[in-house]
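Notes follow once the structure below has been shown.
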Amino acid sequence: MIHLHRLILCWFAFWTTCVGLFAQDVLSVMERTATKLKNSNGIEASFEATSFNGTQASGSIQGKIMVQGNKFRIQSEEMSTWFDGKTQWTQLSGSNEVNVSSPTQEEIQQQNPYAFIDLYKKGYARQLAEATYQGKSCYEVRLVAQDKKNKIQEMRLTIDKKTFLPLSVRTKMGKGNWLRIRVNSIKMGKKWKDDIFRFDKKQHPDIEIIDLR
């Protein structure tokens, strides 16, 4: 299960044949979704993450993500992660240690499930189709890496036609394994102080800080 959460960090449904839809339509859908999320101030969402080996599910966890600008915080049954835009703190549940690192831009894109906001702009071929997901009329967007060296080889997004919010994100990593994030609930317009995206040593004086920078 720890491996599953790491897949989420290395990143928190759908593929049909695209007929009669053009690249500009894909950009229009993605830009509208990206603009809505970016203009929403803070985003708080609960999710279910499931990893797959081929078509077989290998594990699933529940969690919550908070995103504000380039900052995020992810909490699940196994791990908590804080990122304040520069520094990242990671703690396994029940552990008395916190690892501190300075992730690269590529690593940040893989860790934040909302990285697709910028991912679609370059380096990926785009396709668009229509589908029904959990009884809702949706767009299905498929992004395929043009460079086989990219760690994120493919991403498939299910976007609600009515709200233009993502309902599901599926990511294929370089080794061919898939991670599916289902958004169970989402709240927008949240506002938090920057401290919420940092590990607070004062509240946890017994936790050892392991600096990996």
Side-chain angles (χ1 to χ4, degrees), residues 1-12 37-38 40-53 57-119 151-152 155 165-166 168-171 173-175 177-213:
M1 299 304 291
I2 291 173
H3 176 67
L4 174 58
H5 192 107
R6 285 174 178 167
L7 280 176
I8 297 172
L9 294 181
C10 286
W11 9 349
F12 269 172
L37 291 173
K38 288 181 177 180
S40 69
N41 203 351
I43 301 169
E44 183 175 8
S46 63
F47 64 85
E48 178 187 59
T50 304
S51 61
F52 292 85
N53 291 325
S58 58
S60 183
I61 61 173
Q62 303 284 334
K64 182 176 74 172
I65 182 170
M66 304 162 71
V67 181
Q68 187 164 277
N70 65 341
K71 308 175 184 67
F72 61 85
R73 180 173 176 177
I74 301 175
Q75 296 173 283
S76 76
E77 304 133 327
E78 297 182 348
M79 189 180 293
S80 295
T81 300
W82 301 257
F83 179 69
D84 68 356
K86 180 180 179 181
T87 303
Q88 179 175 294
W89 296 261
T90 304
Q91 181 185 26
L92 298 178
S93 296
S95 172
N96 62 352
E97 297 179 350
V98 169
N99 291 329
V100 184
S101 61
S102 297
T104 65
Q105 187 61 38
E106 183 182 41
E107 290 170 336
I108 293 169
Q109 278 192 327
Q110 295 172 51
Q111 293 168 27
N112 185 351
Y114 286 94
F116 70 84
I117 292 176
D118 295 312
L119 189 69
K151 291 185 177 181
I152 297 178
M155 185 173 286
L165 293 175
S168 175
V169 180
R170 290 196 296 175
T171 305
M173 308 308 289
K175 295 183 179 180
N177 294 325
W178 285 86
L179 174 67
R180 181 185 66 200
I181 305 290
R182 283 179 170 169
V183 180
N184 296 325
S185 67
I186 184 168
K187 298 178 182 178
M188 305 174 71
K190 307 288 286 187
K191 180 65 176 177
W192 300 287
K193 294 182 179 179
D194 289 342
D195 290 349
I196 202 168
F197 301 102
R198 303 187 186 104
F199 176 77
D200 191 344
K201 173 64 176 177
K202 293 180 180 179
Q203 291 188 10
H204 306 278
D206 297 330
I207 298 297
E208 181 182 1
I209 302 296
I210 308 298
D211 198 331
L212 303 177
R213 291 171 292 183

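- Panel note: side chain Ser58, backbone Ser51; a donor-acceptor pair is recorded below 3.5 Å.
- Taking CZ of Arg170 as the reference point, atom CE of Met155 lies at 12.0 Å (rounded to 0.5 Å).
- For Ser93, the side-chain contact (heavy atoms from CB on, under 4.5 Å) test picks out no residue, with sequence neighbours left out.
- Taken from NZ in Lys64 to CD1 in Ile74, the straight-line distance is 12.5 Å, to the nearest 0.5 Å.
- Contact between Ala57 and Thr50 at its shortest, heavy atoms only, is CB-CG2, 3.9 Å.
- Taking every heavy atom of both residues into account, Phe199 and Ile207 meet most closely at CZ-CG2, 3.8 Å.
- Note that CH2 of Trp89 and CG of Asn99 are 13.0 Å apart. Values are rounded to the nearest 0.5 Å.
- Between Pro166 and Val183, the closest heavy-atom pair is O-CG2, 3.7 Å.
- The closest donor-acceptor contact from the side chain of Ser60 to the backbone of Ala49 lies under 3.5 Å.
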For residues 189-197, tabulate all N or O donor-acceptor pairs below 3.5 Å that involve a side-chain atom, not counting sequence neighbours.
residue, atom, partner, partner atom, Å
Asp195, OD1, Arg198, NH1, 2.9

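- Residues Ser46 and Gln62 are not in side-chain contact: their nearest non-hydrogen atoms beyond the backbone lie 4.5 Å or more apart.
- To the nearest 0.5 Å, atoms CZ (Phe83) and NZ (Lys71) are separated by 9.0 Å.
- Shortest non-hydrogen contact noted between Ile65 and Phe47 is N-CE2, 4.0 Å.
- Using a 4.5 Å cut-off on side-chain heavy atoms (C-beta onward), Asn41 and Gln68 make contact.
- In this structure, Arg180 CZ and Thr171 OG1 are separated by 12.0 Å, a value rounded to the nearest 0.5 Å.
- Between Ser80 and Gln75, the closest heavy-atom pair is OG-CG, 4.1 Å.
- Residue pairs satisfying the side chain to side chain donor-acceptor pair (under 3.5 Å) criterion with at least one member in residues 201-210, sequence neighbours excluded, are listed as follows: Asp200-Gln203.
- To the nearest 0.5 Å, atom CD1 of residue Ile186 and atom OG of residue Ser40 are 7.0 Å apart.
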